[in-house]
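Report on the structure given below.
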Amino acid sequence: MEEKQKLDLSGEELVSLAGSLAICLAKKYSRDDLKTLRLFFQSIASNITIIEIQNINKY
């Protein structure tokens with residue numbers, strides 16, 4: 001089985017990265033564009049959750 005790469009960031013680093021990205025996006029895009037981006041990122045998060053649950057059920 002192929003070994004997966006590990007995300008090598010602490011919780012604090014992830015929070016900082018997410019906040020910085022949100023600020024950058026908010027400065028660049030309109031309110032309507034931000035709504036679209038929010039739905040897009042929520043969709044990604046939902047898909048990751050489905051993949052995680054399927055992997056848990058495999059083992």
Side-chain angles (χ1 to χ4, degrees):
M1 193 173 203
E2 185 178 322
E3 187 174 324
K4 304 283 182 175
Q5 284 188 330
K6 182 179 178 187
L7 184 61
D8 193 22
L9 294 171
S10 68
E12 293 86 356
E13 290 170 325
L14 286 171
V15 169
S16 295
L17 180 60
S20 297
L21 181 58
I23 291 168
C24 290
L25 293 173
K27 287 183 176 184
K28 184 170 182 171
Y29 295 103
S30 71
R31 188 176 181 128
D32 286 337
D33 289 339
L34 290 173
K35 288 178 187 177
T36 302
L37 287 170
R38 176 173 42 93
L39 293 173
F40 174 73
F41 288 123
Q42 286 175 334
S43 176
I44 291 172
S46 295
N47 289 330
I48 290 171
T49 300
I50 291 168
I51 292 166
E52 287 175 331
I53 290 170
Q54 288 177 342
N55 286 335
I56 287 171
N57 291 336
K58 284 182 182 179
Y59 303 105

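Connection of Leu25 to Ile44 is established within a shared hydrophobic cluster, with ILVMFWY side chains joined at heavy-atom distances below 4.5 Å, either directly or through further cluster members. There is no path of hydrophobic side-chain contacts, each under 4.5 Å, that joins Val15 to Leu21. The hydrophobic clustering, which links ILVMFWY residues whose side-chain heavy atoms are closer than 4.5 Å, places Ile23 and Tyr29 apart. Under the 4.5 Å side-chain heavy-atom criterion for ILVMFWY residues, a single connected hydrophobic cluster contains both Ile48 and Phe40.
Ile53 pairs by the side-chain contact (heavy atoms from CB on, under 4.5 Å) definition with Thr49, Asn57, not counting sequence neighbours. Leu17 meets the side-chain contact (heavy atoms from CB on, under 4.5 Å) test with Leu9; sequence neighbours excluded.
With contacts defined as side-chain heavy-atom distances shorter than 4.5 Å, the pair Ser43/Leu39 does not qualify.
The number of heavy-atom neighbours closer than 6.0 Å to CZ of Phe41, taken from other residues, nucleotides and ligands shown, is above 12.
Thr36 OG1 to Asp33 CG: the interatomic distance, rounded to the nearest 0.5 Å, is 6.0 Å. With rounding to the nearest 0.5 Å, the separation of CD1 in Ile50 from OG in Ser46 is 6.5 Å.
Counting only residues at least two apart or in different chains, side chain to side chain donor-acceptor pair (under 3.5 Å) contacts with residues 13-27 comprise Ser10-Glu13.
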